[in-house]
Amino acid sequence: MGLFSFSKKKPVIGLTLSGGGMRGIAHIAVLKALEEYDLKPHIISGTSAGSIVAAFYSFGKTPDEMMEIVRQTTFFSRSYLRLSKNGIFSSNFILKLFKDHFPEDNFNILKIPVFVAATEMTHGIVDFFSEGELFTPLLASSSVPFVLSPVKVGEKIYVDGGVLDNLPIEPIVDKCDFLIASHVNSISYDSLENMSLMKEFDRILHLAIAKSVYSKTKFCDIFLDPPKMTKFSLFNKKSLDVMFQEVYEYTCKELENKGYKKTLG
């Protein structure tokens, strides 16, 4: 049975997108599937990579256009290495991405309301941004500790929103009638031998925050959690198309199992 079977007025659909570094690309596959099953969101919240995907989608980029942008963009390349005391990489490649594709540095260019989560360092709280300058909150939300430098917004210092809230449903849960959440960091329990430093960092980070993520599933009408996502890199585009296809097929199957039928595609 579909969501709209007995309702003349379509309910407000909310969508929350987790962080996940380069795994955030998987959210694009989720968006593609949601559109095809007539579950396009009316309001979105996101953190880190999820907030960037949310902004591009809200601005009007289709999932296919977003994938093309990903293919044409260089992320975490050696040219952005800086090995400073505050981060391994310069965040200039993220800023360039925004400047290349957004006509203005303001939330008002977005066609769907978006709430961006970032972790405020001094008081250890999560702040949500939804108006005013767009680029700086997105940078703040995406500043993975030790990898990218913290970002100053006003007098406050911020890092990746996922540190404290990697599934930021809070700003939209009361603003929608139906909440969908996409989490792209399920842990793969394959062999841990010969683990690289980045893989170790990735695993420790997501082991630490997993409990807070899964405690929120009871508030979600649909919780999408494709399996073994940590087999895909947090920092490079390797296996990009494999990940996209796996998550797209997973999402379609989950929606079919809940009784939804494709209306597009």
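I109 and F135 fall within the same hydrophobic cluster, where Ile, Leu, Val, Met, Phe, Trp and Tyr residues are linked whenever their side-chain heavy atoms come under 4.5 Å apart, directly or through other members. Hydrophobic clustering of Ile, Leu, Val, Met, Phe, Trp and Tyr side chains at less than 4.5 Å, counting indirect connections, keeps V126 apart from L148. Follow the hydrophobic side-chain contacts under 4.5 Å out from L234 and you reach F244 in the same cluster. Y248 and F223 are members of different hydrophobic clusters when ILVMFWY side chains are connected at heavy-atom separations under 4.5 Å. With hydrophobic clusters built from ILVMFWY side chains whose heavy atoms lie under 4.5 angstrom apart, V70 shares a cluster with V30.
Summarising the geometry of L167 relative to S182, their closest heavy-atom pair is CD1-O, 4.0 Å, with the distance given to 0.1 Å. In plain terms, the two heavy atoms of P168 and G46 that are nearest each other are CG-C, 3.7 Å. The minimum heavy-atom distance between M229 and V184, with the atom names listed, is CB-O, 3.2 Å. Of all the heavy atoms in V153 and A140, the pair that sits closest is CG2-CB, 4.5 Å. Taking every heavy atom of both residues into account, G20 and A49 meet most closely at N-CB, 4.3 Å. Nearest heavy-atom pair across K261 and Y37 is C-CD2, 3.5 Å.
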Might you work through the side chain to side chain contact (heavy atoms under 4.5 Å, CB included) test for M243 and I25, ending with a clear yes or no? CA-CA 8 Å; M243 176 174 64; I25 293 163; 3.8 Å; yes
Check against side chain to side chain contact (heavy atoms under 4.5 Å, CB included), S45 and E170: CA-CA 9 Å; S45 62; E170 292 80 3; over 6 Å; no
For a side chain to side chain contact (heavy atoms under 4.5 Å, CB included) check, start with the C-alpha distance between M121 and V159, then their side-chain angles and the critical distance, and finish with the verdict. CA-CA 7 Å; M121 291 279 282; V159 294; 3.6 Å; yes
Can you list the steps and then say if E120 with I157 is a side chain to side chain contact (heavy atoms under 4.5 Å, CB included)? CA-CA 6 Å; E120 197 270 305; I157 303 294; 5.8 Å; no
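The aromatic ring centres of H183 and Y214 sit less than 6.0 Å apart. Aromatic ring centres of F129 and F115 lie farther apart than the 6.0 Å criterion allows.
Salt-bridge annotation for K258 and D221: absent, with no side-chain N of the basic residue lying under 4.0 Å from a carboxylate O of the acidic one. Using a 4.0 Å cut-off between charged nitrogen and carboxylate oxygen, K228 and E246 do not count as a salt-bridge pair. Comment: K262 does not engage E35 in a salt bridge, judged by the lack of any side-chain N to carboxylate O separation of less than 4.0 angstrom.
Side-chain contact check for M67 versus L240: some heavy-atom pair is nearer than 4.5 Å. T47 places none of its side-chain heavy atoms less than 4.5 Å from the side chain of D165. Inter-residue side-chain proximity for F128 and V116 is flagged as unmet; no heavy-atom pair is nearer than 4.5 Å. Counting heavy atoms from C-beta on, the side chains of I52 and S142 come closer than 4.5 Å. Taking the side chain as every heavy atom from C-beta outward, K40 and I13 never approach each other to under 4.5 Å. When side chains are defined from C-beta on, R71 counts as touching D241, because their heavy atoms get closer than 4.5 Å. At a threshold of 4.5 Å between non-hydrogen side-chain atoms, the residues Y158 and K152 do not count as touching. The shortest side-chain heavy-atom distance between T16 and I44 does not fall under the 4.5 Å cut-off.
Residue-environment remark: CD (E65) exceeds the threshold of 12 foreign heavy atoms within 6.0 Å. By the neighbour-count criterion of 12 heavy atoms within 6.0 Å, atom CD of E133 is sparsely surrounded, having that number or fewer from other residues, nucleotides or ligands.
Between atom CG of residue D174 and atom CG of residue L179 there is a gap of 10.0 Å, rounded to the nearest 0.5 Å. The structure places CG of L95 at 10.5 Å from CG of L138, a figure rounded to the nearest 0.5 Å. Separating the CD1 atom in I187 from the NZ atom in K231 is a distance of 14.5 Å, to the nearest 0.5 Å. We find the CZ-OG distance between F232 and S239 to be 6.0 Å, quoted to the nearest 0.5 Å. Atom-to-atom distance recorded for F102:CZ and K61:NZ is 8.5 Å, nearest 0.5 angstrom. With values rounded to the nearest 0.5 angstrom, L224 atom CG is found 10.0 Å from L17 atom CG.
K216 places no side-chain N or O within donor-acceptor distance of the main-chain N or O of S212, the cut-off being under 3.5 Å. Between the S91 side chain and the I94 main chain, no donor and acceptor come within less than 3.5 Å of each other. At least one donor-acceptor pair closer than 3.5 Å links the side chain of S143 to the backbone N or O of S149. Judged by distance alone, with hydrogens and angles left aside, the side-chain atoms of S141 form a donor-acceptor pair with the main-chain N or O of A117 at under 3.5 Å. At distances below 3.5 Å, not a single donor-acceptor pair connects side-chain atoms of K237 with backbone N or O atoms of M22. Without hydrogens or angle criteria, T251 side chain to V247 main chain gives a donor-acceptor distance under 3.5 Å.
Side chains of D38 and Y260: a donor-acceptor N/O pair is absent below 3.5 angstrom, by distance only. Checked by atom type, the side-chain pair Q245/Y250 shows no donor-acceptor distance below 3.5 Å. Between the side chains of D160 and S48, a donor-acceptor pair is found at a separation under 3.5 Å.
Both tests pass for K111 against the ring of F59: distance under 6.0 Å to the centre and angle within 45° of the axis.
The side chain to side chain contact (heavy atoms under 4.5 Å, CB included) with F56 is formed by just one residue from the set L97, L31, T62; it is L97. For the side chain to side chain contact (heavy atoms under 4.5 Å, CB included) criterion with F98, the lone passing option out of L139, T136, L134 is L139.
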